[in-house]
2 protein chains.
Amino acid sequence: MKNSQSDATDLSAQIAKNIRDAIIDGRLIVDERLPSEAELSEQFSVSRPTVREALKRLAAQSLIRTQRGAFGGAFVNRLSYQEAYGQQITTSTLLLSMNDINIDVACEARFAMERACIALACERRTADHLATMRAEIHRQTQPGLSDESWCASDVAFHRALVDAAGNPVLSYQLSGAVEAMQPLMNMITYTARSREKIIDLHAEIADSVEQKQATPALESLDELSKYTKSLAETTLAKRQQKK
Amino acid sequence: MKNSQSDATDLSAQIAKNIRDAIIDGRLIVDERLPSEAELSEQFSVSRPTVREALKRLAAQSLIRTQRGAFGGAFVNRLSYQEAYGQQITTSTLLLSMNDINIDVACEARFAMERACIALACERRTADHLATMRAEIHRQTQPGLSDESWCASDVAFHRALVDAAGNPVLSYQLSGAVEAMQPLMNMITYTARSREKIIDLHAEIADSVEQKQATPALESLDELSKYTKSLAETTLAKRQQKK
DNA sequence: ATTTTTCATTTGTCTTACAATTAAAAGTCT
DNA sequence: AGACTTTTAATTGTAAGACAAATGAAAAAT
């Protein structure tokens, strides 16, 4: 027991935790300036490089931003949706790719969450959202679309669907679920036939949302979910067969 | 244009990005050892402190772990659910607290997502999940429970409900939505009356899930959603009245 | 009054050094 | 020979000091 804060962790980790806690429970508020690195190193009785390592940890989580020059320093950062999206997506992508998640499980989670958006989307969708969905469907019909572009367009379509729910918190929460699937989807081999079927389902969903009819939209989504899972299974089976 | 990677960003940020990208697209795999700090500083032509700042950034995202000693070093970390949960919750909490989110919007998002769990929960709930839900309901009936403990128990109940869906990816995605609500919920003043009503609804949900009846469970959840929103509105109205 | 210059402050980076830790390698004893 | 101990080399953790670069405020000049 060295001091009140100590673990087996680094000094820089302890200091970062200390400051992070202060931010989280409001002792440091948005745009407030932290003491300078020199002052912090005195306060915590560590060297400046150690303080800097702590600050970089916080910067990596977008909790602070730094500015050089007189009256510069480290400031508590207002976490924007943009940054939150980014972190969400990074974390989700890594979680899925590193833990050999069953693709079925991931699909189930994603479609369950998207399902939750349908009712709201039917209520609130704007012309913009519909236009985006149509545009992506159109892109998907283009011949000679690479598998990668196909998947990217698929993700864009689903993002538009989620955004159509008109709830930024919901969009944020689902960003990870939708985007993180892309690498997994990329592993699936899409035949022209399967693409066609998916495009049809996308169109059905867009139509239903446009007409504000939640029930058929849900049905199409469920169908899409089922079909995606079956594609994944087929791909997986073929892969294991090769072994 | 200084070099291929350069922005207006720090060197340490650039290096972190470089390594992060390598991890994300699989050029560095789980448990692989990164070059030593000395080697990295040579490779990137920067000093060791700069490399260290980059590594700390990655450590802050749980992308690497470090170990001292001979044959120690920085290793690509397998992102565990535990760590992913933590980051998810931190990010979500900060996003909500820093952007004066309308509590209605947050509620809507959370309940919409929980709704998505109900069907699966009815299918797969285990005795464990049910026991946890019951235990939390029981705790909620205890008199003299502080507002904070009440909210914590509420969160625990909903987590159990989410976990009952038996999909770890779903649990992960919802962890942020459920936990990040706690600070917002804490702002609500719960009367004995309102607590009682919420407990009843919790019990209804638990019963329905136990009996594998999704429809009544959804109804109770919707009722809970509506009631929570009305409580939030009341609190907000009173607060504005004081002004 | 406006523009320019100076200047102090602060972060960004580098250099060097040493402490702490750790696992392998070498050595020692039975 | 085998088990135990010591040494050693590699590596991260921390410290101290120095200078560069940026930046906004204050002072000076126009």
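Here is the naming used below: chain letters follow the sequence lines, and residue numbers restart at 1 for every chain.
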Student: Where along residues 33-50 of chain B does a heavy atom come under 4.0 Å from DNA chain D, residue by residue in number order?
Tutor: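 DNA chain D contact set from residues 33-50 of chain B: B:Arg33, B:Ser36, B:Glu37, B:Arg48.
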Student: Determine whether more than 12 heavy atoms belonging to other residues, nucleotides or ligands lie under 6.0 Å from atom CD of A:Glu148.
Tutor: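 Atom CD in A:Glu148 is not packed in, count stays at 12 or less.
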Student: Of all the choices, D:dT14, C:dA8, C:dT13, which nucleotide is nearest to the side chain of A:Arg52 once you look at every atom?
Tutor: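 For the A:Arg52 side chain, the nearest candidate turns out to be C:dT13.
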Student: Between the side chains of B:Arg57 and B:Ser12, does any donor sit under 3.5 Å from an acceptor?
Tutor: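 Note: B:Arg57 and B:Ser12 side chains meet the donor-acceptor criterion.
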Student: Check the distance between C:dG12's C1' and A:Leu55's CG and give it to me in whole angstrom.
Tutor: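 Spelled out: CG on A:Leu55 to C1' on C:dG12 is 12 Å.
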Student: Is there a side-chain contact (heavy atoms from CB on, under 4.5 Å) between A:Leu40 and A:Leu55 once you walk through the steps?
Tutor: CA-CA 10 Å; A:Leu40 286 173; A:Leu55 293 180; 4.3 Å; yes
Student: What is the distance, to the nearest angstrom, from the CD atom on B:Glu53 to the P atom on C:dT13?
Tutor: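 Going from CD in B:Glu53 over to P in C:dT13 covers 7 Å.
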Student: Within this structure, what is the CG-to-C1' distance between B:Leu11 and D:dA21, rounded to whole angstrom?
Tutor: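 So the two atoms are 12 Å apart, to the nearest Å.
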Student: What is the distance, to the nearest angstrom, from the CZ atom on A:Arg68 to the P atom on C:dT11?
Tutor: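 Distance, rounded to whole Å: 11 Å.
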Student: From the options C:dG12, D:dG13, C:dA24, select the nucleotide whose nearest atom is closest to the side chain of B:Phe71.
Tutor: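 Ranking C:dG12, D:dG13, C:dA24 by closest atom to the B:Phe71 side chain puts C:dA24 first.
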Student: If you pin A:Ala70 and A:Ser12 to their nearest nucleotides in DNA chain D, which one's is more 5'?
Tutor: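 Per heavy-atom nearest nucleotide, the more 5' residue is A:Ser12.
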Student: Would you check if there is a donor-acceptor pair between the side chains of A:His129 and A:Thr126 at a distance under 3.5 Å?
Tutor: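 Result is yes, a qualifying pair exists.
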Student: What is the separation between atom CD1 on B:Ile15 and atom C1' on C:dC14, rounded to the nearest whole Å?
Tutor: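 Taking atom C1' of C:dC14 as the reference, CD1 of B:Ile15 is at 13 Å.
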Student: Could you check whether A:Lys56 pairs with A:Glu53 (Lys NZ or Arg NE/NH1/NH2 to Asp/Glu carboxylate O, under 4.0 Å)?
Tutor: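 No, no charged N to carboxylate O under 4.0 Å.
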Student: Measuring to OP1 and OP2 of D:dG24, would you say a side-chain N or O of A:Gln67 lies under 4.0 angstrom away?
Tutor: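 A:Gln67 to D:dG24 OP1/OP2: side-chain N or O found under 4.0 Å.
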Student: Is it the case that the side chains of B:Asp163 and B:Ser171 hold a donor-acceptor pair, with the cut-off being a distance below 3.5 Å and no angle test?
Tutor: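 B:Ser171 vs B:Asp163: donor-acceptor pair found between side chains.
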